[in-house]
Amino acid sequence: MIKNKKILVVGAGGFIGGHLVKRLLENDNSIIASDIKPKEYWFQDFDNAENHYSMDMKEINNCRKIVKNIDYVFNMACNMGGMGFIENNKAECMQSVLINTNLLIACKEEGIKRYFFSSSACAYNKSKQQEVFIEGLKESDAYPADPEDGYGWEKLFSERMCRHFMEDYNIEVRIARYHNIYGPFGTYDGGREKAPAALCRKVIYAKENNENKIDVWGDGKQTRSFLFIDDCIEGTLRLFESDFSEPVNIGSDEQVSINQMIDLIEDISKIKKLKRDYQLDKPKGVRGRSSNNDLVKKVLNWSFKIKLKDGLKITYEWMNSEINKHGSNLSRFTKS
Ligand code: GKE
């Protein structure tokens, strides 16, 4: 794994960015960490990194200021959230294109050797995700282009921007298409939370308040695969060190319906079976999605390890202790 390098992590105050900084610090790297969020909203904040709070990388001057004497850059920053956020904030999501573009320009000017871009399964063509159980999405399924409106278009466009900076200016790029990453230090309330955290939260509240039902968006039959954060970081670092510069899935191929995931969470919480109030008017996204991991196995000789039930248990226990600490107040993980 990368050692003794000077690395810039943009979006370091976010969920994946925070875990990445932790791991890179453990490997004796020197970390410059930046995020648009003020200090109090960083999910994780390490004293032994050089932290830049409230720094907006949509401003090219901020990119130019911070991309100095750096070996590698990880762009983990974008305005994002679960379906509830991305379906209702398309213009906001698309503006993240400025972060990637300005960072790449600054990297080109400074002669940065290698650059990582965090893309998403939302880049895949929607027509391949219309059935409940689908074959896992292969990297080639992003084209012909018809990604998720707003957020997915930004990701697909930015992937191509990376590719052309590599072709024209020799910046080595690495691009991961993440498939619904979850785990401790993720957003679980406030509107940006994704399904694993949202449903753990609902079950925790039902248990604490002796309620017998929860709200579920959609009919519960829609499917996804979810990747635990530790696998995400491992895959990210392996990809970064590989010589593969095309987009690669970093995801799980353990495809489950939302109903099956709720069953797992109920088992973890030891609550009796809850009634499910299916809300068909809520944001649902694609009907079925999973990751095909043939390419990642081939180019990295690696695939995810942590089963959904084990990752959910860790996540549930972490959230339970956070909710006990904060009560019904919104957590600090709610700010963009
Ligand atoms: N967020 C949320 N909250 N989703 C719920 C809930 C709930 O309380 N109840 C059921 N769902 C359903 C949603 O309607 C959707 O069909 C499914 O769970 C997954 O929702 P999600 O986790 O919010 O987001 P998606 O997997 O559809 O999309 C996410 O994909 C990632 C990449 O795979 C995106 O929002 C991005 O976070 C990311 O790109």
Side-chain angles (χ1 to χ4, degrees), residues 11 14-16 76 78-90 92-93 96 117-124 126 128-130 132 134 136-137 141-142 147-156 158-159 176-183 186-206 213-229 232 247 249-263 265 274 276-292 304 308 312 315 319 334 336:
F15 168 47
I16 305 178
M76 314 303 288
C78 68
N79 205 339
M80 67 86 66
M83 272 330 289
F85 180 77
I86 66 175
E87 250 188 49
N88 294 305
N89 295 277
K90 296 185 184 121
E92 281 274 322
C93 290
S96 301
F117 176 61
S118 49
S119 186
S120 164
C122 290
Y124 283 111
K126 292 201 292 284
K128 307 207 165 143
Q129 305 172 73
Q130 287 177 345
V132 165
I134 60 156
L137 293 159
D141 289 333
E148 188 97 43
D149 240 351
Y151 182 78
W153 274 105
E154 189 280 318
K155 291 295 186 190
L156 196 64
S158 290
E159 285 185 0
R177 288 192 186 137
Y178 290 141
H179 287 248
N180 211 319
I181 315 300
Y182 72 99
T187 308
Y188 59 81
D189 59 13
R192 289 177 185 263
E193 62 279 13
K194 290 179 278 175
L199 294 164
C200 283
R201 185 198 73 226
K202 289 176 186 182
V203 172
I204 291 169
Y205 281 129
K213 84 169 171 51
I214 54 166
D215 295 339
V216 179
W217 297 357
D219 63 6
K221 294 180 186 149
Q222 68 271 47
T223 61
R224 295 291 185 275
S225 66
F226 302 95
L227 185 72
F228 189 64
I229 184 68
C232 168
N249 284 331
I250 298 290
S252 152
D253 55 12
E254 188 185 348
Q255 188 176 9
V256 295
S257 69
I258 295 300
N259 277 330
Q260 287 171 321
M261 183 162 70
I262 299 170
D263 292 341
I265 299 170
L274 293 162
R276 297 169 193 182
D277 185 1
Y278 296 111
Q279 304 188 315
L280 303 182
D281 56 340
K282 287 286 198 282
K284 295 182 286 292
V286 295
R287 190 70 176 140
R289 174 179 287 163
S290 182
S291 175
N292 175 301
F304 81 102
L308 182 60
L312 279 176
T315 308
M319 278 179 56
T334 55
S336 68

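Just so it is clear, the structure is predicted and the values come from calculations on it, not from any experiment. Reckoned from all heavy atoms, side chains included, excluding hydrogens, waters and symmetry mates. Counting convention: from 1, in listed order, for ligands and their atoms alike.
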Pick from Pro283, Gly285, Gly218, Ala195: the one approaching atom 13 (C) of ligand 1 most closely through a non-hydrogen atom: Pro283
Proximal candidate to atom 7 (C) of ligand 1 [heavy atom criterion; set Trp217, Tyr151, Tyr278]: Trp217
Does [X] approach ligand 1 within less than 4.0 angstrom via side chain, backbone, both or neither, non-hydrogen atoms only?
X: Lys155; answer: neither
X: Lys282; answer: neither
X: Glu148; answer: neither
X: Arg224; answer: side chain
X: Ile86; answer: side chain
X: Gln222; answer: side chain
X: Phe85; answer: neither

Taking only heavy atoms of [X] into account, list the atoms of ligand 1 that are under 4.0 Å away from them.
X: Ser120; result: 32 (C), 38 (C), 39 (O)
X: Ala198; result: 3 (N), 7 (C), 8 (O)
X: Tyr178; result: 32 (C), 33 (O)
X: Arg289; result: 28 (O), 30 (O), 33 (O)
X: Met80; result: 37 (O)
X: Gly81; result: 34 (C), 35 (O), 36 (C), 37 (O)
X: Lys202; result: 7 (C), 8 (O)
X: Lys194; result: 1 (N), 22 (O), 23 (O), 37 (O)

No-hydrogen, no-angle side-chain donor-acceptor test under 3.5 Å, Glu154 and Ser96: no
Donor-acceptor side-chain pairing of Tyr124 and Arg177 below 3.5 angstrom: yes
Consider every N or O of [X] and every N or O of ligand 1, then say whether any pair is closer than 3.5 Å.
X: His179; answer: no
X: Lys284; answer: yes
X: Met83; answer: yes

Min side-chain heavy-atom separation Tyr278-Ile258 under 4.5 Å: no
From CG (Leu274) to NZ (Lys202), nearest 0.5 Å: 11.5 Å
Any donor-acceptor pair under 3.5 Å from Arg287 side chain to Lys221 backbone: no
Arg192 side chain vs Met80 backbone, donor-acceptor pair below 3.5 Å: yes
Lys/Arg cation over aromatic Tyr188: Arg201, 6.0 Å, 45° cone: no
Close approach, Ala197 and ligand 1, non-hydrogen under 4.0 angstrom: no
Residues which pass side chain to side chain donor-acceptor pair (under 3.5 Å) with Thr315, listed by chain and number, not counting sequence neighbours: none
Atom 17 (C) of ligand 1 [closest protein heavy-atom partner, distance rounded to 0.1 Å]: Ile258 CD1, 3.8 Å
